[in-house]
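Proteins come first, then strands; the chains are lettered A, B, ... in the order of their sequence lines, and each starts at number 1. Values below: all heavy atoms of this structure, side chains included; hydrogens, waters and symmetry mates excluded.
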Protein chains: 2
Amino acid sequence: MNTSSQNCPAQKLLKALSGKWKPQIFKMATNAPVRFNQLLRDLEGANKQTLATALREMVEEEILVKSVIQEKPLHITYTLSEKGNSLVNVFVALEQLSNGDA
Amino acid sequence: MNTSSQNCPAQKLLKALSGKWKPQIFKMATNAPVRFNQLLRDLEGANKQTLATALREMVEEEILVKSVIQEKPLHITYTLSEKGNSLVNVFVALEQLSNGDA
DNA sequence: TCAATTAGTCAAAAAAACATGACCACCATG
DNA sequence: CATGGTGGTCATGTTTTTTTGACTAATTGA
């Protein structure tokens with residue numbers, strides 16, 4: 001592994017948005033804060049480990065913010081960060097380009 | 001593999017931009033048309049197969065256009081398509097978000 | 001004609017991503 | 001005190017991606 005292959009700034013961010021589940025997670029988070037078991041139910045076919053990893057990476061890349069809600073049964077939510085919010089436009093652009101407009 | 005996990009429109013496009021070499025290939029193509037062996041030399045650590053696969057996927061996703069230049073030594077170039085050009089803004093946005101602005 | 005450059009393909013192996021099932025701790029209800 | 005929900009981790013296996021190295025075919029220059 002050399003180093004000259006990793007000096008593209010967009011790469012890490014791109015990675016934190018790509019993969020089998022991250023795009024859906026991101027889209028769901030644009031609607032409302034998401035929760036672990038809720039995602040597990042909604043994203044049929046996804047499993048705990050994969051989801052945990054995806055969420056961790058998205059938090060590390062500061063797309064999502066993990067917050068512990070100190071209510072009765074102790075919730076944890078994942079919310080779009082400011083950076084995440086800025087990415088919404090990017091995502092919209094990508095979706096439009098996916099739908100055949102040049 | 002279930003189907004409900006693949007219905008995010010941006011996903012394919014995102015995949016055609018992500019990975020170990022595609023971001024760099026894309027960036028280089030924004031400067032000038034790129035060529036196979038040129039990429040092989042510039043992207044140190046990359047190999048033929050991976051590059052061929054990356055280029056094929058980017059062409060399939062219509063980010064790049066492959067053209068055979070009928071000159072003396074018969075060149076093949078990969079150029080940004082219209083779609084590819086539209087993605088430049090997206091990329092710029094991603095890079096800016098990578099550099100710490102919220 | 002020999003060597004080098006062009007742009008690749010193919011089979012196989014190594015590495016990374018993703019999935020499975022077991023397990024943990026915490027809290028609440030019955 | 002068992003049952004179920006919260007949000008995970010861990011070891012293991014499968015699947016996908018990336019790398020390695022050998023090979024091809026056309027063109028060019030010495």
Going by heavy atoms in the side chains, are Leu97(A) and Leu13(B) under 4.5 Å from each other? yes
dA17(C) C1' sits how many Å from Met58(A) CE, rounded? 16 Å
Heavy atoms only, 4.0 Å cut-off, all strands: where does Lys15(B) land among base, sugar-phosphate and nothing? sugar-phosphate
Could you tell me if the side chain of Leu94(A) sits less than 4.5 Å from the side chain of Leu87(B), heavy atoms only? yes
Heavy-atom side-chain proximity of Asn99(A) to Pro9(B) below 4.5 angstrom: yes
Rounded to whole Å, the CG-P distance (Leu40(A) to dG7(D)) equals 10 Å
Can a side chain N or O of Trp21(A) be found less than 4.0 Å away from OP1 or OP2 on dA19(C)? yes
Applied to residues 45-61 of chain A, the salt bridge (Lys or Arg N to Asp or Glu O under 4.0 Å) test, sequence neighbours excluded, yields Lys12(A)-Glu61(A), Lys22(A)-Glu57(A), Glu61(A)-Lys83(A)
Does anything in residues 31-80 of chain A form a ring pair (Phe, Tyr, Trp, His ring centres under 6.0 Å)? List the pairs, not counting sequence neighbours. none
Compare all side-chain heavy atoms of Glu82(B) with those of Glu62(B) and state whether any distance is below 4.5 angstrom. no
Detail all sub-3.5 Å separations between protein N/O atoms and N/O atoms belonging to nucleotides 2-11 of chain C.
unit_1	atom_1	unit_2	atom_2	d
dT6(C)	OP1	Arg41(B)	NH1	3.4
dT6(C)	OP2	Arg41(B)	NH1	3.4
dT6(C)	O5'	Asn37(B)	ND2	3.4
dA7(C)	OP1	Arg35(B)	NE	3.2
dA7(C)	OP1	Ile76(B)	O	3.4
dA7(C)	OP2	Asn37(B)	N	3.0
dA7(C)	OP2	Asn37(B)	ND2	3.1
dG8(C)	OP1	Lys66(B)	NZ	2.8
dG8(C)	OP2	Tyr78(B)	OH	2.6
dG8(C)	N7	Lys48(B)	NZ	3.2
dG8(C)	O6	Lys48(B)	NZ	3.0
dA11(C)	N6	Gln49(B)	NE2	3.4

Expressed as a whole number of angstroms, how long is the span from Leu51(A):CG to dA17(C):P? 16 Å
I want to verify a distance call: between dA17(C), dT19(D), dC18(C), whose nearest atom is closest to the Lys20(B) side chain? dT19(D)
